[in-house]
Amino acid sequence: MRILFMGTPEFAVPSLEALVAAGHEVCGVFSQPDKPVGRHQNRLQPTPVKECAITHNIPVFQPVKMRDGTALAQIQTLAPDLIVVAAYGRILPDEILACPPKGCINVHSSLLPKYRGAAPINWAVLNGDTVSGVTIMHMATELDAGDIIVQESTEIGPDETAEELYRRLSVLGAGLLVQAVSAIEAGIAQRTPQNGADATLAPMLSKELSPMDWSRTAHALHCQVRGLLPWPVASTEKLTGETIKVYRTEETGDKTQAQPGTVLAAGKHGIDVACGEGTVLRITELQAPGKKRMKAADYLLGHPIAVQSQG
RNA sequence: CGCGGGGUAGAGCAGCUUGGUAGCUCGUCGGGCUCAUAACCCGGAGGUCAGAGGUUCAAAUCCUCUCCCCGCAA
């Protein structure tokens, strides 16, 4: 099938690779415009999807605007049977959605109608969900609200981070996408409307989500730490005065009478901090300003933290 | 050349302002204590101070350039 692919970050790469590997004719790739990334703000970086497209000699298009007609004209010239969107980061106007004869489908990293929006994987982990998944659906005018073609769930491990789940779902989504495309090609694709009443939103993340409130339970904080990876990362300045990013934690299962935020222990196992409802969270990996990410035990060798008296 | 922080023993850090014996904690090795130990005591090994050049009687420290790492931005 002749397919136009739209995607931007790493998540979309396995889907693009899978379509190519499945023998579909990917006639073009849309990706977000190159942006300065990282330390060299003077240099533009291609998106992961663009880099992948180039290795397969697929023409790349990076329209700045989707609604000024040029994007539509390019699509009409490419004349795809189907448009596949995976984390493109743009809302497509109706005239584009209506363009390809087989329609537009989307790879979304949640079990829709839960977690419509930009950051479904992170929010699933932040909320302490134990199940996540991928949905392939038709695209509708309303964001992530289209009819579901196929869906597959997967368990979220108790210590799994959003970053790890992201990688797993990108692969899961790629496989499911190829199934869906085959079904569409064969004319046997399912089409199940979403129950809009069950819909929840997963908005973009921000640094405001980073600070850790030690009066929350160890479990809630553990979810916060896992869910905010790889960005913006949970942080606390209560321990040392400087802002420490917290990369990995464990729920100790211990109980304490100490005030939330009290450092109960600091040693080679990590830093144990009292949390809400008498629970205890152990920080095992962190990052100090200007430093690399390191084991909490290593950090302590050069930055002793006083264990506070419990009260 | 976007702004800022950093590179010192296997790990995490101090020392640099004011040049003059390479320091701390942990790990490691050996010995001791102990029923025993991740505990404690004694002793040892381990560093071209990121690299190159310069100033100087003398550079981890001051000057110049290069490389690498981290944060800011998403």
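Residue numbering restarts at 1 for every chain, and letters A, B, ... go by the order of the sequence lines.
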Q: Output all residues satisfying side chain to side chain donor-acceptor pair (under 3.5 Å) with A:Ser132, sequence neighbours left out; order by chain, then residue number.
A: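 Per chain and number, A:Ser132 pairs via side chain to side chain donor-acceptor pair (under 3.5 Å) with no residue.
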
Q: Suppose we screen for salt bridge (Lys or Arg N to Asp or Glu O under 4.0 Å). Which residues come up paired with A:Arg43, at least two apart in sequence or across chains?
A: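 Salt bridge (Lys or Arg N to Asp or Glu O under 4.0 Å) check on A:Arg43 returns nothing, list empty.
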
Q: Name all residues meeting the salt bridge (Lys or Arg N to Asp or Glu O under 4.0 Å) criterion together with A:Glu237; count only those two or more places apart in sequence or in a different chain, and write none if there are none.
A: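 A:Glu237 satisfies salt bridge (Lys or Arg N to Asp or Glu O under 4.0 Å) with no residue once adjacent residues are dropped.
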
Q: Please state how far atom OH in A:Tyr166 lies from atom C1' in B:A74, giving the value in whole angstrom units.
A: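 In whole Å, B:A74 C1' lies 12 Å from A:Tyr166 OH.
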
Q: Which of parallel (below 30°), tilted (30 to 60°) and perpendicular (above 60°) describes A:Phe30 and A:Phe61?
A: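 Ring orientation, 0 to 90° scale: tilted.
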
Q: Which base, if any, makes a Watson-Crick or G-U wobble pair with B:U64, both distances under 3.5 Å?
A: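 Its partner is B:A52.
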
Q: Go through residues 240-254 of chain A and report each residue with a non-hydrogen atom lying under 4.0 Å from RNA chain B, sorted by number.
A: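 Here the set is A:Lys245.
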
Q: What is the distance, rounded to the nearest whole Å, between atom CZ of A:Arg43 and atom P of B:C3?
A: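 Computing the A:Arg43:CZ to B:C3:P distance gives 14 Å.
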
Q: How would you list, by chain and number, every residue that makes a salt bridge (Lys or Arg N to Asp or Glu O under 4.0 Å) with A:Asp34, sequence neighbours excluded?
A: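 Applying salt bridge (Lys or Arg N to Asp or Glu O under 4.0 Å) to A:Asp34 gives A:Lys50.
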
Q: Provide the Watson-Crick or G-U wobble partner of B:G43, both distances under 3.5 Å; none if there is no partner.
A: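 B:C29 - that is the nucleotide pairing with B:G43, both distances being under 3.5 Å.
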
Q: Listing request: all side chain to side chain donor-acceptor pair (under 3.5 Å) pairs with a residue in residues 10-25 of chain A, at least two apart in sequence or in separate chains.
A: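 Every pair satisfying side chain to side chain donor-acceptor pair (under 3.5 Å) with a residue in residues 10-25 of chain A: A:Arg2-A:Glu25, A:Glu17-A:His56.
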
Q: Both distances below 3.5 Å, Watson-Crick or wobble geometry, any strand: find the nucleotide opposite B:G4.
A: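 Its partner is B:C70 (Watson-Crick or G-U wobble, both distances under 3.5 Å).
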
Q: Can you tell me which residue pairs pass the side chain to side chain donor-acceptor pair (under 3.5 Å) test with a partner in residues 71-90 of chain A, sequence neighbours excluded?
A: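 Non-adjacent pairs meeting side chain to side chain donor-acceptor pair (under 3.5 Å): A:Gln32-A:Arg90.
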
Q: For RNA chain B, what residues of residues 294-302 of chain A have any heavy atom nearer than 4.0 Å?
A: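 Of all residues in residues 294-302 of chain A, the ones placing a heavy atom under 4.0 Å from RNA chain B are A:Met294, A:Asp298, A:Tyr299, A:Leu301, A:Gly302.
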
Q: Can you name the residues that form a side-chain contact (heavy atoms from CB on, under 4.5 Å) with A:Leu300, not counting sequence neighbours?
A: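 side-chain contact (heavy atoms from CB on, under 4.5 Å) list for A:Leu300, sorted by chain: A:Ala266, A:Ile271, A:Ile305.
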
Q: Could you state the atom-to-atom distance from NE2 of A:His303 to P of B:C24 in whole Å?
A: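 After rounding, the gap between these two atoms is 18 Å.
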
Q: Would you please name every residue forming a salt bridge (Lys or Arg N to Asp or Glu O under 4.0 Å) with A:Arg216, sequence neighbours left out?
A: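 None.
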
Q: Heavy-atom nearest nucleotide on RNA chain B for A:His40 versus A:Lys292: which residue maps closer to 5'?
A: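 Between the two, 5'-proximity favours A:His40.
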
Q: Looking at A:Arg39, I'd like to know whether one of its side-chain N or O atoms comes within less than 4.0 Å of OP1 or OP2 on B:C70.
A: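 Checking B:C70 against A:Arg39, a side-chain N or O does come within under 4.0 Å of OP1 or OP2.
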
Q: What pairs of nitrogen or oxygen atoms, one from the protein and one from nucleotides 37-40 of chain B, lie under 3.5 Å apart?
A:
residue : atom : partner  : partner atom : Å
B:A38   : O2'  : A:Lys268 : NZ           : 3.4

Q: Under the ring-ring contact (aromatic ring centres under 6.0 Å, His included) definition, can you give me all pairs with a residue in residues 112-135 of chain A, not counting sequence neighbours?
A: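 Output for this query is empty, none listed.
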
